[in-house]
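Data first, discussion second: the structure below is written as structure tokens.
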Amino acid sequence: MSAAGSIRIIAIVGGSAAFLIGASIFLAAIGRPPLATLSQMVLYAFGDSYSLSESLVKATPILLCALAVILPARLGLITVGGEGQLYFGALTGTAVVIALPAAPMVVLLPAMLLAGAIGGGAWSGIAGLLRARCNVNETISTLLMNYVAVLLVNYVIYGAWKDPASLGWPATMMFPPAAIVPSVFGTRAHVGLIVGIAAAVVLHISVTHTRWGIALRVLAGNRKVAAMAGFSFVKQTLLVMALGGALAGFAGICETSAIQGRLQAGISVGYGLTGFLVAWLSGQNFLRAIPIAILIGGLIAAGDALQLYSKIPSASATIMQGLLFVAALGASGLAGRGTARHG
Amino acid sequence: MAQPLVMMSSIRKQFGPVLANDDVSVTVNAGEVLALLGENGAGKSTLMKILYGFYAADAGTIRISGQPVSFSSPREAMAAGIGMVFQQFSLIPALSVLENLLAALPDAPWLQPRGSTKVRAALRWLTRLAPEIDPNRAVRTLSVGERQLVELAKVLNLDARVVILDEPTSVLTPAETERLYGFIKTLTSEGKAVVLITHKLADIAACADHIVVMRGGKIVDEAPARDRTPGSLVEAMVGRGVAGSLPPPSSPPTDVPLLQVRGLSADIQGRKIRDVSFELAPGEILGIAGVSGNGQFTLAESLAGLVPALAGDVVLDGVSIASRVEDGAISGDVAYVPERPLDNAVVADLDLALNLALRDVRQLDFFPDRKAAFRRAHELISRYDIRPPQPTLAASALSGGNLQKLVIARELSGRVRLVIACYPTMGLDVLATQAVYREMFRQATEDACVVWISEELDDLLSYAHRIAVIHAGEIMGITRREAADRRTLGRWMAGHAMIEAA
């Protein structure tokens with residue numbers, strides 16, 4: 001087996017073991033039977049069609065935000081702006097709904113989704129432009145723009161777009177049925193999931209089998225040689241940042257429309273950051289991000305269910321999510337190091 | 001006879017399918033220069049990297065002063081008195097010379113007061129080796145030759161008893177080379193052992209005491225230096241008779257210029273060229289001589305159109321090719337072989353097939369035909385003898401000489417109108433050098449202009465139609481080969497302009 005393959009297996013086995021031990025210690029410490037609670041979580045995540053659909057609902061924005069990190073990473077860029085792009089996409093998508101509330105579905109729905117994607121792409125594209133033209137570090141700029149986007153959304157839902165009928169609750173009006181993203185398989189899971197998986201597959205094929213993928217690899221490997229071959233770092237930076245941002249923006253408007261039904265605070269519970277972690281866990285691989293996103297979505301959904309039925313504080317799901325990330329990243333790091341040493 | 005300082009016995013090392021060292025035994029004595037001679041990829045560097053603890057041998061033993069040792073890292077080897085200067089240096093470009101030297105000391109101090117004993121200790125070898133290098137200069141401003149001296153001082157600071165030099169003269173000017181020879185003699189007279197990895201017979205003639213010739217991972221000849229003639233060494237090295245030197249390329253058929261460079265000025269991070277002008281007829285080879293670090297890199301890059309010209313123009317067959325930085329690739333009519341291929345010509349973590357295809361990568365289909373790319377790669381790899389011959393290997397796995405062959409294969413195998421070659425034979429052995437020259441001269445006979453930047457003055461004097469000398473970014477003079485003499489060129493290289501000579 002290849003070295004990379006064995007590293008991956010060691011990382012998966014070791015990471016899972018470390019996570020199970022860590023989670024058991026944590027559960028025991030808060031006075032819960034570890035094994036029973038953990039198996040209950042698996043049931044709450046994937047045990048029946050309702051749990052599964054809830055997990056997929058959570059997985060959708062995480063997957064899209066992960067793709068928004070992986071694509072720039074293929075060019076050697078590290079962005080942490082999924083959250084901001086998601087919020088800004090939600091904002092621009094909602095703007096279309098506010099402007100054309102009575103438009104028929106064939107017009108409103110595509111226009112809203114497109115506006116969300118364009119908004120997210122533009123938000124991310126600003127950071128891309130700063131990076132490509134002025135050499136501003138994209139990690140810092142995307143991080144800071146997260147705060148701006150979230151506060152912009154707050155600004156409109158507390159101000160101009162606040163629905164008078166909501167009795168002071170900071171939110172826009174409910175979206176008309178023509179602006180609701182259709183669900184799939186008769187569950188709460190929506191079209192965003194299909195788009196996310198399709199995007200992952202298309203992007204994977206693009207970066208591994210096309211001339212564009214070669215351009216990204218050459219640019220990531222040696223900018224000087226890339227310039228000789230005629231690949232423009234400026235153009236590709238803008239492209240990957242805008243495309244990535246568009247996916248996150250699309251996630252934002254889907255969340256707003258399909259899950260919340262209107263723009264309000266807290267449309268994302270850290271999906272952008274979770275997506276970033278999923279991207280790293282996947283080793284910046286589009287296809288591997290799909291199952292990982294679903295797994296993490298399951299963990300979050302199970303956490304919600306535990307809080308509801310077993311009266312375990314919801315923060316414990318977040319704590320376990322953190323344990324999972326630390327265990328997985330730590331194990332893959334250690335496995336990589338150990339193999340490099342003896343290889 | 002005294003105990004040998006280093007004894008390596010039956011060393012064996014395999015990299016995948018390649019047997020780099022096959023049952024190799026060498027002995028290094030104190031006060032002696034051992035020359036390890038061989039072509040690129042003969043296994044010389046691998047053998048010494050095993051001694052240096054960089055690789056672990058698959059089989060075999062190493063004894064130092066009779067004691068068996070086993071190094072698992074260069075740190076341990078250094079502690080045992082083994083030091084190595086690599087072809088690719090390990091200096092930190094952003095730091096000053098002094099900081100680099102201090103950082104390499106085992107007990108590097110946190111604070112560095114001027115004139116402290118630590119600073120003196122860090123500088124003791126450098127001041128002997130190259131007193132003219134200001135220790136406060138940043139390493140990135142040094143020429144390749146100067147960097148090598150700093151690297152050597154760094155190794156000597158660690159009290160190395162065995163100093164391994166990997167192709168040390170391939171980057172040096174003639175004067176620097178002479179100085180290095182003298183220095184090697186000083187080291188041996190002080191009882192140190194020197195291992196000189198080389199493929200230059202001049203190095204052997206100048207300072208070797210004992211010679212080991214390697215080919216294909218095996219030792220094919222071993223003798224005291226005085227018992228061997230250059231001819232027999234080359235024969236042992238390449239395994240066949242000495243290939244005759246090339247005939248000089250014929251003169252260009254016409255004087256009508258194909259390439260016109262007019263008042264070209266450019267600047268890459270302070271490395272400037274000023275007001276460079278010359279014209280080349282189709283088929284003409286212009287050699288550019290000069291001490292490295294005098295603007296050669298900037299000249300090559302700006303001729304290729306990779307950096308914007310601050311003034312002036314480069315016109316190839318009536319079309320300006322200068323300053324193409326933003327609007328796309330290097331012109332399809334231009335073949336560019338830059339210096340330091342790992343930094344400037346290949347993508348280290350991509351495979352050989354892709355690196356060989358980079359020249360016209362933008363003409364590929366949107367879904368590139370991989371099979372065709374691999375076929376082409378196989379063909380080029382066997383034609384240019386790139387080793388190991390595996391198109392799927394990452395470029396970073398290749399030795400310096402083989403990387404150079406890869407770039408030559410990519411740039412010179414097609415038809416072009418202008419060849420810009422910057423130190424194209426650096427790190428190459430006799431056969432590979434001749435192969436590179438043959439490709440360059442073939443381009444010239446097919447009516448391409450050739451701009452050939454080199455430090456091999458003898459080669460320029462044998463093959464170039466005209467020779468220009470660059471100093472501090474300016475052309476000091478241009479002369480026809482027939483009219484050139486070493487003294488005039490030497491004066492130009494030192495910065496005396498043409499007026500005095502003419």
Side-chain angles (χ1 to χ4, degrees), chain A residues 1-7 73-77 128-129 131-135 201-239 243 283-285 336-343, chain B residues 15-16 55-56 72-73 268 297 300-301 304-308 324-332 334-351 353-370 373 394-396 403 406-407 410-411 420:
Chain A
M1 186 191 299
S2 71
S6 52
I7 290 177
R74 289 307 182 99
L75 195 54
L77 303 174
L129 191 68
R131 170 63 215 255
R133 285 282 174 205
C134 317
N135 212 15
V201 172
V202 169
L203 285 172
H204 178 78
I205 293 171
S206 302
V207 298
T208 46
H209 292 289
T210 68
R211 190 181 63 221
W212 180 52
I214 293 177
L216 294 185
R217 274 182 281 161
V218 172
L219 279 163
N222 190 332
R223 291 253 294 278
K224 173 103 208 304
V225 175
M228 271 160 74
F231 294 130
S232 158
F233 181 72
V234 172
K235 208 189 288 173
Q236 294 298 340
T237 300
L238 282 176
L239 183 65
L243 272 182
Q284 312 296 5
N285 180 301
R337 213 177 115 185
T339 318
R341 191 63 69 70
H342 303 295
Chain B
F15 291 111
Y55 294 135
S72 58
S73 74
I268 304 177
F297 179 68
E301 294 275 303
L306 293 172
V307 293
R324 299 176 58 99
V325 203
E326 284 303 329
D327 64 328
I330 189 168
S331 160
V334 178
Y336 178 35
V337 181
E339 64 175 75
R340 286 179 289 126
L342 197 58
D343 293 341
N344 295 317
V346 301
V347 184
D349 43 9
L350 293 190
D351 62 28
L354 208 44
N355 270 299
L356 281 166
L358 277 182
R359 199 176 151 70
D360 17 54
V361 67
R362 291 214 307 177
Q363 274 82 55
L364 291 177
D365 297 335
F366 187 70
F367 286 98
D369 182 350
R370 286 195 170 185
S396 54
L403 272 181
L406 177 97
V407 177
R410 181 179 79 208
E411 297 294 324
I420 304 159

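All values below come from the heavy atoms of this structure, side chains included, with hydrogens, waters and symmetry mates left out. Order of the sequence lines fixes the chain letters, A, B, ..., with proteins taken first and strands second; residue numbering starts at 1 for each chain.
When heavy atoms are compared at a cutoff of 4.5 Å, B:Ala345 approaches chain A solely by way of its backbone atoms N, CA, C and O.
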Let me have the donor-acceptor pairs involving side chains of residues 335-343 of chain B, under 3.5 Å, with sequence neighbours excluded, atom names and distances please.
residue	atom	partner	partner atom	Å
B:Tyr336	OH	B:Glu301	OE2	2.6
B:Arg340	NH1	B:Asp343	OD2	2.8

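Taking CZ of B:Phe366 as the reference point, atom OG1 of A:Thr210 lies at 4.0 Å (rounded to 0.5 Å). To the nearest 0.5 Å, the span separating CE on A:Met228 from CD on B:Glu411 amounts to 5.5 Å. Within the model, atoms CG of B:Asn344 and NZ of A:Lys224 stand 4.0 Å from one another, a figure rounded to the nearest 0.5 Å.
A 4.5 Å side-chain heavy-atom check between B:Val361 and A:Ile214 finds at least one atom pair inside the cut-off. Two residues are said to be in side-chain contact when any heavy atoms from C-beta on lie closer than 4.5 Å; A:Val218 and B:Leu358 meet this criterion. Considering only heavy atoms from C-beta on, A:Arg217 comes within 4.5 Å of B:Leu354 through its side chain.
In this structure A:Thr208 satisfies the side-chain contact (heavy atoms from CB on, under 4.5 Å) test together with A:His204, sequence neighbours excluded.
Annotation: maximal heavy-atom pairing with chain A below 4.5 Å, among B:Asn355, B:Asp360, B:Val346, occurs at B:Val346.
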| Full working for side chain to side chain contact (heavy atoms under 4.5 Å, CB included) between A:His209 and B:Arg370 | CA-CA 9 Å; A:His209 292 289; B:Arg370 286 195 170 185; 4.1 Å; yes

